[in-house]
Amino acid sequence: MERFNERGMLIIPNPAKEAESTERILVVCRLFCPQGHNLINDRAVFNGYPGILIKVVKGSNQGLVALSPIYGSRARIALDIDLEEGEIVNLHCPVCDTQLPVHSPCSCGADLVAFFATRAPDFTDCVAICNRVGCKNSHILINDEVISLSMIDAF
């Protein structure tokens, strides 16, 4: 694999390539904060899909983080903030600064934070991700049923 292109620019592999190894993928196309603001934003694109843009707050530091909308992908891009594995952060809407609500405790000791599938907040239709940097726990709820990666090929 080449490290630089013909102009001398560094070639960085697409972090979303891991999702291409399966025949089917699940892409989140709409997510909202509790106030109804859309969190899907094309400021960061993952494998052709607009990312999930959130504001991350840790102490007095804050910045934007784009998460991959591809379920199972752990890709993220931190803008304006440095994240360290294992730290717990607060997640906010980048538009209204409302802190995203806790869905449930995570098995790692942090919290699973809810992103809503509809403008009206509904914990039975949401995506929940852990607020500990690097924790792999997350799930999607549709009509209060947890969707797992193994179920994607069954759709």
Side-chain angles (χ1 to χ4, degrees), residues 1-5 7-22 25-119 121 123 125-141 146-149 152:
M1 182 172 131
E2 293 184 45
R3 292 184 48 111
F4 298 93
N5 70 9
R7 293 189 205 161
M9 304 285 281
L10 180 64
I11 298 171
I12 299 173
N14 184 343
K17 286 284 187 187
E18 64 194 56
E20 290 181 2
S21 64
T22 60
I25 60 172
L26 178 64
V27 178
V28 177
C29 295
R30 61 176 193 223
L31 280 180
F32 302 94
C33 82
Q35 303 300 318
H37 295 111
N38 191 1
L39 300 175
I40 301 296
N41 192 301
D42 61 5
R43 187 168 176 184
V45 177
F46 296 83
N47 208 27
Y49 300 102
I52 303 164
L53 191 65
I54 55 173
K55 181 178 175 182
V56 173
V57 177
K58 60 175 191 173
S60 61
N61 297 327
Q62 60 185 11
L64 296 177
V65 173
L67 305 173
S68 173
I70 301 169
Y71 188 50
S73 172
R74 305 286 180 230
R76 70 172 183 257
I77 300 170
L79 310 167
D80 309 323
I81 192 166
D82 294 321
L83 300 175
E84 294 180 33
E85 293 292 311
E87 69 185 344
I88 296 174
V89 296
N90 293 316
L91 307 179
H92 294 247
C93 172
V95 177
C96 66
D97 200 33
T98 299
Q99 186 168 348
L100 299 173
V102 172
H103 176 273
S104 58
C106 182
S107 60
C108 77
D111 293 316
L112 291 169
V113 177
F115 298 72
F116 300 104
T118 58
R119 288 192 186 275
F123 285 98
D125 288 315
C126 70
V127 172
I129 66 163
C130 185
N131 65 342
R132 182 183 302 274
V133 177
C135 180
K136 296 180 181 184
N137 292 329
S138 66
H139 60 262
I140 295 176
L141 286 147
V146 176
I147 304 300
S148 67
L149 283 173
I152 293 173

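This one's a predicted model, so the numbers in the text were calculated from it and none came from an experiment.
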Interatomic spacing from [atom1] in [X] to [atom2] in [Y] - rounded to 0.5 Å:
{"X": "Arg74", "Y": "Leu67", "atom1": "CZ", "atom2": "CG", "result": "11.0 Å"}
{"X": "Thr118", "Y": "Leu31", "atom1": "OG1", "atom2": "CG", "result": "10.0 Å"}
{"X": "Tyr49", "Y": "Ser68", "atom1": "OH", "atom2": "OG", "result": "10.0 Å"}
{"X": "Phe115", "Y": "Leu91", "atom1": "CZ", "atom2": "CG", "result": "5.0 Å"}
{"X": "Asn90", "Y": "Asn131", "atom1": "CG", "atom2": "CG", "result": "7.0 Å"}
{"X": "Asp80", "Y": "Gln62", "atom1": "CG", "atom2": "CD", "result": "9.5 Å"}

Legend entry - Minimum side-chain heavy-atom gap His103-Cys126 below 4.5 Å: yes

Inset, instruction - Quickly, which of Asn61, Val57, Val133 forms a side chain to side chain contact (heavy atoms under 4.5 Å, CB included) with Val89? Name it, please. - result: Val133

So, [X] side chain and [Y] main chain: donor-acceptor pair closer than 3.5 Å or not?
{"X": "Arg30", "Y": "Ala117", "result": "yes"}
{"X": "Arg132", "Y": "Cys108", "result": "yes"}
{"X": "Lys58", "Y": "Asp82", "result": "yes"}

Legend entry - Short N-O contact, Arg76 and Glu85, less than 4.0 angstrom: yes

Legend entry - All side-chain hydrogen bond (donor to acceptor under 3.5 Å, both in side chains) counterparts of Ser107, not counting sequence neighbours: Asn137

